[in-house]
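Below, read A as the first sequence line, B as the second, and so on, with proteins coming before strands; counting in each chain starts at 1. These numbers come from the heavy atoms of this one structure, side chains and all, not from hydrogens, waters or symmetry mates.
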There are 2 protein chains.
Amino acid sequence: MPPANRTEKRKQQTRDHIIRIAVELFQHQGFQATTMDQIATEADIARKTLYNHFSVKEAIADAYVRDQSMALAKANRQILDRHPDTASRLLAALDKAYAWVETNPELARICLGYRMKNMWHGDGSENEETGTQGLMAEILRRGQKAGEIRTDIPIKLLLLQIDVLRGSIVMDWLRDRESFKLRREIARTVDLFLYGATGKKR
Amino acid sequence: MPPANRTEKRKQQTRDHIIRIAVELFQHQGFQATTMDQIATEADIARKTLYNHFSVKEAIADAYVRDQSMALAKANRQILDRHPDTASRLLAALDKAYAWVETNPELARICLGYRMKNMWHGDGSENEETGTQGLMAEILRRGQKAGEIRTDIPIKLLLLQIDVLRGSIVMDWLRDRESFKLRREIARTVDLFLYGATGKKR
DNA sequence: ATATATAATTACACAATGTATAATTATGTC
DNA sequence: GACATAATTATACATTGTGTAATTATATAT
């Protein structure tokens with residue numbers, strides 16, 4: 001769905017332009033070392049325009065990651081039909097998601113902190129399902145239909161849980177990439193998510 | 001364990017003084033409306049001294065909540081022996097914790113966002129178990145000994161999960177205090193934590 | 001096509017945040 | 001009492017984020 005009128009298109013363009021320039025700077029100098037001033041100058045726009053689009057620096061990283069996530073999720077929707085049950089779908093989806101994180105650890109970290117903070121403060125607009133989250137949500141919905149996932153908990157809360165577990169894996173992995181067996185940790189985490197802290201039947 | 005030397009004692013004193021003054025201001029004017037400048041002026045110390053103790057405003061709220069949480073947890077350690085199993089202990093502990101949150105919703109919210117953000121960025125020093133977390137950790141350890149809690153997941157990760165679930169309850173409750181049945185939600189959340197997203201046996 | 005409304009961008013000013021540096025004061029140690 | 005250490009302070013500064021009003025580009029109605 002391309003933007004209807006030219007105004008929207010122009011706005012989109014500056015937005016995309018900002019993201020492109022900013023991410024370039026982030027990757028060259030690091031997120032912390034890049035200032036909003038610098039981004040505005042490099043993008044050749046007024047600082048205020050930059051703030052009109054993104055009120056804080058983290059939001060730029062977040063927007064970028066969302067775009068990436070969107071594309072990724074689109075390519076991974078096949079997971080839904082190629083796997084027989086919720087557990088294997090979650091495993092597959094997480095596996096794909098981490099392949100991306102591995103290539104952008106810093107932005108992934110920034111983004112995670114930003115989202116967690118906004119989860120409690122935000123007006124809800126920032127909490128829209130990103131690509132990967134949308135995929136996860138669909139997996140959970142199918143799981144509910146199949147009777148594999150409980151229906152007395154809002155999907156939103158389940159998604160939050162997955163996000164946090166996902167985040168903790170990323171962080172552990174970033175701390176010590178050598179000894180960390182990513183796939184094993186993912187499997188363990190999915191198990192925790194599905195069967196809880198008891199890990200056994202009631 | 002009172003501070004050993006006078007230097008430490010003085011430092012503690014200014015720190016406590018800052019917290020006392022700041023929280024007073026927070027409760028009178030709100031957190032957002034209170035500036036670091038104002039806190040420094042009211043506390044009659046240099047702004048830089050304030051920043052030496054707390055590098056961001058949220059850290060003051062966090063320190064206060066930690067102190068409160070410490071006292072609370074101390075008073076609630078009896079829960080460990082007065083309840084027969086992990087589930088009822090968790091329920092009781094969360095129940096007590098929320099009684100406090102109800103009296104300080106704003107600070108609770110600030111603090112939660114701050115911790116969530118720092119969970120991934122922090123150097124670990126801020127992630128020390130607070131009072132309530134310490135109690136939760138003890139509950140989980142006893143649960144592991146009794147075979148009620150799985151041992152293949154680090155306690156730290158389980159605590160994180162509880163924190164997030166706790167947080168989501170608080171937020172939902174803050175959004176709509178009328179229709180929200182706090183006790184029922186707590187029970188549901190504990191169930192989710194213990195038995196996972198499937199909610200049934202494997 | 002022209003006038004009018006709307007929305008993005010801009011320039012400017014400002015309050016607040018957070019950091020860096022060096023001087024000053026209080027405390028601990030010899 | 002002399003020296004080292006650590007907290008506090010004064011000062012200056014870069015950065016962040018917001019508020020206001022002017023300017024430009026686009027959309028819409030006549």
Side-chain angles (χ1 to χ4, degrees), chain A residues 1-22 25-26 28-63 110 113-114 117-118 121-123 125-126, chain B residues 2-22 25-26 28-63 110-111 113-114 117-118 121-123 125-126:
Chain A
M1 55 215 76
N5 47 30
R6 187 148 34 185
T7 307
E8 274 302 314
K9 206 166 103 185
R10 273 185 66 89
K11 194 175 176 184
Q12 265 301 321
Q13 277 175 355
T14 50
R15 187 191 137 95
D16 290 347
H17 184 228
I18 289 170
I19 295 177
R20 213 175 52 79
I21 299 289
L25 289 171
F26 293 160
H28 273 77
Q29 330 171 337
F31 179 84
Q32 166 82 8
T34 307
T35 72
M36 293 293 266
D37 252 323
Q38 197 182 3
I39 296 170
T41 306
E42 289 286 322
D44 195 32
I45 57 173
R47 204 166 64 94
K48 180 68 201 191
T49 306
L50 176 54
Y51 275 103
N52 282 346
H53 284 272
F54 304 99
S55 64
V56 299
K57 201 168 40 163
E58 282 82 358
I60 308 178
D62 190 52
I110 300 292
Y114 177 68
K117 181 179 171 181
N118 275 91
H121 297 298
D123 55 356
S125 65
E126 293 112 338
Chain B
N5 47 26
R6 187 148 36 184
T7 307
E8 273 304 311
K9 204 165 107 186
R10 272 185 68 90
K11 195 176 176 182
Q12 265 301 321
Q13 276 175 357
T14 50
R15 187 190 138 94
D16 291 347
H17 183 230
I18 290 171
I19 296 177
R20 213 174 54 78
I21 299 288
L25 289 171
F26 293 160
H28 272 76
Q29 330 171 337
F31 178 83
Q32 167 82 9
T34 307
T35 72
M36 292 293 266
D37 252 324
Q38 197 181 3
I39 296 171
T41 306
E42 289 286 322
D44 195 32
I45 57 172
R47 204 166 64 94
K48 179 64 199 191
T49 305
L50 176 53
Y51 274 103
N52 282 347
H53 284 271
F54 303 99
S55 64
V56 298
K57 201 168 41 164
E58 281 82 359
I60 307 178
D62 190 50
I110 300 292
C111 206
Y114 177 67
K117 182 179 171 184
N118 276 92
H121 296 296
D123 54 356
S125 66
E126 292 112 339

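- Axis angle across the helix from C:dA1-D:dT30 to C:dC30-D:dG1, with five pairs used at each end and values rounded to 10°: 20°.
- Computed from coordinates, the A:Gln12 CD to C:dA7 C1' distance equals 15 Å when rounded to whole Å.
- Look at CE on A:Met36: it is 7 Å from P on D:dT16, rounded to the nearest Å.
- Residues of residues 43-50 of chain B having a heavy atom closer than 4.0 Å to DNA chain C, listed by number: B:Arg47, B:Lys48.
- Among residues two or more places apart in sequence or in another chain, the ring-ring contact (aromatic ring centres under 6.0 Å, His included) test is passed with A:Phe26 by A:Phe31.
- Looking at residues two or more places apart in sequence or on another chain, you find no side-chain contact (heavy atoms from CB on, under 4.5 Å) involving A:Thr41.
- Taking the side chain of A:Tyr51 as heavy atoms from C-beta on, and the options D:dT18, C:dA26, C:dA8, the nearest nucleotide is D:dT18.
- Rounding to whole angstrom units, NE2 of residue A:His17 and C1' of C:dT9 are separated by 15 Å.
- Qualifying side-chain contact (heavy atoms from CB on, under 4.5 Å) partners for A:Ala46, counting only residues two or more places apart in sequence or in other chains: A:Thr49.
- The side-chain hydrogen bond (donor to acceptor under 3.5 Å, both in side chains) test applied to B:His53 returns B:Thr14, not counting sequence neighbours.
- Legend: residues meeting salt bridge (Lys or Arg N to Asp or Glu O under 4.0 Å) with B:Arg15, ordered by chain and number and at least two apart, are absent.
- In this structure, the CD1 atom of A:Ile39 is 14 Å from the C1' atom of D:dG17, given to the nearest Å.
- In this entry the distance linking CD of B:Glu8 with P of D:dT5 reads 16 Å, nearest Å.
- Put simply, A:Arg10 has no side-chain N or O that comes within less than 4.0 Å of OP1 or OP2 on D:dA25.
- By the salt bridge (Lys or Arg N to Asp or Glu O under 4.0 Å) test, B:Arg10 is found to be paired with no residue, residues two or more places apart in sequence or in another chain being considered.
- When distances are taken from the side chain of A:Thr14 to each of C:dT17, C:dT27, C:dT9, the shortest belongs to C:dT9.
- A heavy-atom distance below 4.5 Å is found between the side chains of B:Met36 and B:Ile60.
- Atom NZ of B:Lys11 and atom P of D:dT9 are 14 Å apart (whole Å).
- For A:Asp37, the side-chain contact (heavy atoms from CB on, under 4.5 Å) criterion is met by A:Thr35, A:Arg47, not counting sequence neighbours.
- Nearest-nucleotide mapping onto DNA chain C: of B:Thr7 and B:Thr35, the residue sitting toward the 5' end is B:Thr35.
- Spacing between atom CG of B:Asp37 and atom P of D:dT16 amounts to 19 Å, rounded to whole angstrom units.
- Counting heavy atoms from C-beta on, the side chains of A:Phe54 and A:Ile19 come closer than 4.5 Å.
- Heavy-atom distances under 4.0 Å link DNA chain C to A:Asn52, A:His53 of residues 52-60 of chain A, given in residue order.
- Atom CD in A:Gln32 sits roughly 17 Å away from atom P in D:dA14 (whole-Å rounding).
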